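Each chain gets a letter, A, B and so on, in the order its sequence line appears, and its residues count up from 1. Only heavy atoms go into these numbers, but all of them, side chains included; no hydrogens, no water, no symmetry mates. Since we're looking at a predicted model, the values are computed, not measured.
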Amino acid sequence: DGGITQSPKYLFRKEGQNVTLSCEQNLNHDAMYWYRQDPGQGLRLIYYSQIVNDFQKGDIAEGYSVSREKKESFPLTVTSAQKNPTAFYLCASSRTGVGYTFGSGTRLTVV
Amino acid sequence: DAKTTQPPSMDCAEGRAANLPCNHSTISGNEYVYWYRQIHSQGPQYIIHGLKNNETNEMASLIITEDRKSSTLILPHATLRDTAVYYCIVPFYNQGGKLIFGQGTELSVKP
């Protein structure tokens, strides 16, 4: 079955460390997106990518980086520059504006 | 900013219809309206989408006004499992189809 996979489901990180969250899709979608969600809040866009080797900043890109070397993959790195990284991270994909699919999320905790 | 506005919360009695409104007064002629819901700490779940005609699927019905400036999501027989945050979203088609979420409507279905 086609879908979007995020891993790991739970992730713990020490302060000052970079960490990379995985997002893989087998839907042949062109566009992919990363969102952050804090408790009791809505989803906020971090980065998005319309095609391979191209991506744009969303509303809260500071302290994050991404790459899009393959159509299927859009990993998100949470860098040490991100002041409050503890959050729920969601990845999504679409055929650029059509048929959005979301992953099940990664919960990142800084310890 | 999100292109939609929704009431922050609503209650509904179990077994009754839940009618969730959404305003999208700046929507363009070729922009779809999407509805998703999110149950606590899970990825958003697709419900339905529409352009101008009313739509129905196994989960819900979507009624779009003739001027397309607002819509209503109808859950015909709400159950306790329908308790969730419901998001009405219009994609930014000229920006990779990115979805900008508002705060959504927190629907509480009560016995």
Side-chain angles (χ1 to χ4, degrees), chain A residues 2-7 9-10 21 23 25 27 29-52 54-61 66 68 74 87-109, chain B residues 1-10 20 22 24 27-52 55 57 59 62 73 83-108:
Chain A
I4 187 165
T5 302
Q6 290 188 243
S7 62
K9 190 173 179 68
Y10 298 95
L21 282 60
C23 179
Q25 53 98 0
L27 300 164
H29 283 173
D30 294 307
M32 297 186 74
Y33 316 85
W34 272 107
Y35 291 88
R36 168 183 172 137
Q37 188 172 36
D38 293 289
Q41 303 296 316
L43 284 71
R44 292 185 290 167
L45 183 66
I46 305 173
Y47 268 99
Y48 64 101
S49 167
Q50 299 180 65
I51 57 173
V52 173
D54 188 42
F55 47 83
Q56 285 77 40
K57 293 180 179 180
D59 297 324
I60 56 165
V66 293
R68 187 87 187 276
F74 191 40
F88 186 51
Y89 291 88
L90 283 157
C91 179
S93 68
S94 79
R95 292 197 314 273
T96 309
V98 180
Y100 297 86
T101 301
F102 284 82
S104 55
T106 293
R107 188 166 300 281
L108 173 65
T109 303
Chain B
D1 290 350
K3 295 184 180 180
T4 60
T5 56
Q6 300 175 252
S9 64
M10 293 183 66
L20 290 83
C22 178
H24 31 80
I27 196 169
S28 298
N30 60 348
E31 292 180 333
Y32 282 78
V33 179
Y34 282 83
W35 282 84
Y36 283 80
R37 72 181 183 184
Q38 188 179 27
I39 296 171
H40 181 65
S41 296
Q42 297 180 23
Q45 176 190 21
Y46 168 79
I47 302 173
I48 200 167
H49 73 284
L51 183 63
K52 58 177 76 173
E55 302 287 345
N57 62 22
M59 288 183 68
L62 176 61
L73 178 75
T83 293
V85 178
Y86 287 77
Y87 295 100
C88 165
I89 316 167
V90 175
F92 285 75
Y93 289 98
N94 62 348
Q95 295 181 52
K98 68 181 185 181
L99 300 179
I100 300 300
F101 286 75
Q103 291 302 306
T105 296
E106 186 168 7
L107 175 68
S108 295

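- Not a single donor-acceptor pair under 3.5 Å links the side chain of B:Tyr36 to the backbone N or O of A:Phe102.
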Item to check | Residues A:Tyr33, B:Leu99; criterion side-chain contact (heavy atoms from CB on, under 4.5 Å); working and verdict | outcome: CA-CA 9 Å; A:Tyr33 316 85; B:Leu99 300 179; 6.0 Å; no
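- With a 4.5 angstrom heavy-atom cutoff, A:Tyr100 touches chain B via backbone and side-chain atoms both.
- Proximity to chain A is absent for every atom of B:Tyr32, based on heavy atoms less than 4.5 angstrom apart.
- Qualifying side chain to side chain donor-acceptor pair (under 3.5 Å) partners for A:Arg95, counting only residues two or more places apart in sequence or in other chains: none.
- Chain A forms the most heavy-atom pairs under 4.5 Å with one residue out of B:Gln42, B:Lys98, B:His49, and that residue is B:Lys98.
- For B:Tyr87, the side chain to side chain donor-acceptor pair (under 3.5 Å) criterion is met by no residue, not counting sequence neighbours.
- Proximity to chain B (any heavy atom under 4.5 Å) is restricted, for A:Arg107, to the side chain, taken from C-beta onward.
- For A:Leu45, the part lying under 4.5 angstrom from a heavy atom of chain B is the side chain only.
- Within residues 90-97 of chain B, the residues having any heavy atom less than 4.5 Å from a heavy atom of chain A are, in residue-number order, B:Pro91, B:Tyr93, B:Gln95, B:Gly96, B:Gly97.
- Residues satisfying the salt bridge (Lys or Arg N to Asp or Glu O under 4.0 Å) test with A:Asp59, not counting sequence neighbours, are none.
- Residue B:Glu31 qualifies as enclosed at atom CD: its count of foreign heavy atoms under 6.0 Å is above 12.
- Only the side chain of A:Gln37 has a heavy atom closer than 4.5 Å to any heavy atom of chain B.
- Expressed to the nearest 0.5 Å, how far CD of B:Gln103 lies from CG of A:Leu43 amounts to 10.0 Å.
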